[in-house]
Number of protein chains: 2
Amino acid sequence: MLRISKLTDYGTMILVHLASAKDKHLLPASDVAESTHLALPTVQKLLKILTKNGLVESARGTDGGYRLARAPEQITAAEILDTLEGPVAITECSHDDGHCDLEPNCQVGNAWQKISLAIRAAMNDIRLCDLQNPPMEFPLRHTILSKSGHKPRLHKQALGK
Amino acid sequence: MLRISKLTDYGTMILVHLASAKDKHLLPASDVAESTHLALPTVQKLLKILTKNGLVESARGTDGGYRLARAPEQITAAEILDTLEGPVAITECSHDDGHCDLEPNCQVGNAWQKISLAIRAAMNDIRLCDLQNPPMEFPLRHTILSKSGHKPRLHKQALGK
DNA sequence: ATAATATAGGACTATATTAGTCCAATATAA
DNA sequence: TTATATTGGACTAATATAGTCCTATATTAT
Ligand code: FES
Ligand code: FES
């Protein structure tokens with residue numbers, strides 16, 4: 001259903017490993033690779049991506065390495081997915097962008113897109129610490145606009161292309 | 001986020017088209033292709049898949065064709081995704097099945113899987129008629145276990161695999 | 001300075017998945 | 001028997017993902 005790629009899985013493992021690190025200590029990629037049993041080049045690649053997206057921070061040189069940029073409670077699943085899965089928009093329309101000659105009443109792409117956004121909103125409630133130590137059940141209590149049926153959040157998110 | 005494939009999008013368009021058909025009338029694949037502006041071979045392939053999975057029913061021969069097997073209110077988004085995206089399970093663990101030598105405390109794959117299931121549960125509330133004519137907002141009000149508040153967030157250790 | 005360590009950036013290949021097409025077989029009705 | 005239309009599956013092409021490797025840059029210690 002929600003299909004996450006292997007790299008996203010790996011990336012999450014890496015984040016979880018960093019989350020369990022001592023304090024502000026920096027872990028070199030080689031250490032992370034060893035601990036997670038993932039191939040070093042893959043770990044290097046992922047750590048670079050995570051760094052570029054602000055989830056982890058890095059230092060070069062001797063005793064350099066990586067660590068979480070924030071506490072595990074302040075990193076959301078939405079961020080992790082955005083970072084590792086990329087800004088993949090749901091298929092918007094089977095016809096090329098903007099021009100749907102057929103049916104102006106076809107809201108199919110639109111509908112899937114709204115569903116996707118609702119899910120994404122729900123992902124904001126799940127945090128790295130939840131992935132680290134998952135609860136019995138994950139709640140998904142959102143609508144695309146708001147949780148109380150009002151109009152507060154407009155979620156004008158640009159889903160790019 | 002939730003990434004649906006092009007074929008799933010096409011398939012949804014086809015379902016919506018069938019949903020708008022007169023009564024119990026059968027539409028041949030060629031008709032569907034023309035109406036949706038999709039390539040005929042693709043439409044044929046998708047209709048076969050939809051038929052095999054019980055979402056539409058078919059008749060052969062002259063005046064044969066396809067129609068929805070049930071009313072649009074009785075076809076859920078979950079079914080559509082299951083049918084068109086296949087039974088794609090989320091990546092369970094980066095190590096081969098059952099054998100995670102490293103860390104017994106790694107619940108990463110497990111966590112994503114639970115999230116995926118929660119989303120799938122939410123998809124049971126969305127129906128073909130909603131995709132046809134999407135509401136302002138899609139509600140996602142589920143947890144993996146129940147919908148009535150059940151003391152979530154307990155961070156209980158999940159049972160293994 | 002120089003050497004050693006480690007990240008940054010990106011190019012590159014290999015693999016897997018998705019998308020799309022086509023053909024032979026079967027069923028139905030006129 | 002002919003025309004219509006689905007069924008089943010094989011097949012190729014296109015794209016996305018996974019994985020590796022090379023060069024440049026920054027940092028620290030000697
Ligand atoms: S086919 Fe273009 S909006 Fe649906
Ligand atoms: S690496 Fe095996 S369960 Fe997480």
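Only a predicted model underlies this, so the values are computations on that prediction, with no experimental measurement involved. Chain letters run A, B, ... following the sequence lines, proteins first and then strands; every chain starts at 1.
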Take the protein atom NZ of A:Lys6 and the nucleotide atom C1' of D:dA16, then report the distance between them rounded to whole Å.
14 Å
Between NE2 of B:His25 and P of D:dA5 the distance, given in whole Å, is 11 Å
Could you check how far CD of A:Gln44 sits from C1' of C:dT5, rounded to whole Å?
13 Å
Can you give the donor-acceptor pairs under 3.5 Å from side chains of residues 40-52 of chain B to other protein atoms, not counting sequence neighbours?
residue, atom, partner, partner atom, Å
B:Thr51, OG1, B:Leu47, O, 2.6

Quick one: on DNA chain D, does B:Ser30 or B:Lys45 contact a more 5' nucleotide (nearest heavy atom)?
B:Ser30
Could you tell me how far apart A:Glu34 (CD) and C:dA6 (C1') are, to the nearest whole angstrom?
16 Å
Rounded to whole Å, CD1 of B:Ile4 lies from P of C:dT18 at a distance of 13 Å
If you only use heavy atoms from C-beta on, which nucleotide in D:dT20, D:dT6, C:dA19 is closest to the side chain of B:Tyr66?
D:dT6
Residue met sooner reading DNA chain C from 5', once A:Gly64 and B:Leu40 are mapped to nucleotides
A:Gly64
Going by side chain to side chain contact (heavy atoms under 4.5 Å, CB included), name the residues that satisfy it together with B:Ala69, two or more places apart in sequence or in a different chain.
B:Glu57
Just checking B:Pro28: base, sugar-phosphate only, or nothing, at a heavy-atom cut-off of under 4.0 Å?
sugar-phosphate
Quick check on contacts: within residues 47-61 of chain B, what sits under 4.0 Å from DNA chain D by heavy-atom distance?
B:Lys48, B:Thr51, B:Ser58, B:Ala59, B:Arg60, B:Gly61
Distance check needed: C:dT7 P versus A:Leu26 CG, whole Å only.
9 Å
Figure out the CG/P separation between B:Leu46 and C:dG20, and round it to whole Å.
9 Å
Hey, are the side chains of B:Ile4 and B:Glu85 touching, using non-hydrogen atoms and a 4.5 Å cut-off?
yes
Around B:Asn124, counting heavy atoms of other residues, nucleotides and ligands shown, do more than 12 lie under 6.0 Å from its CG?
yes
Hey, is the side chain of B:Tyr10 poking within less than 4.0 Å of OP1 or OP2 on C:dA19, counting only N and O atoms?
no
Report yes if a side-chain nitrogen or oxygen of B:Ser5 is closer than 4.0 Å to either non-bridging phosphate oxygen (OP1 or OP2) of C:dA19; otherwise report no.
yes
How long is the line joining CG of B:Asp63 and C1' of D:dA5, in whole Å?
10 Å
By side chain to side chain contact (heavy atoms under 4.5 Å, CB included), B:Pro72 pairs with (sequence neighbours left out) B:Ala19, B:Leu68, B:Leu128, B:Cys129, B:Gln132
What's the closest nucleotide to the side chain of A:Arg3 if the choices are C:dT18, D:dG19, C:dT21?
C:dT18
Not counting sequence neighbours, which residues clear side-chain hydrogen bond (donor to acceptor under 3.5 Å, both in side chains) with B:Arg70? List them please.
B:Glu79
Closest nucleotide among C:dA29, C:dT21, C:dT18 to the B:Thr62 side chain
C:dA29
Applying side chain to side chain contact (heavy atoms under 4.5 Å, CB included), name anything that partners A:Ala71, two or more places apart in sequence or on another chain.
A:Glu73, A:Gln74
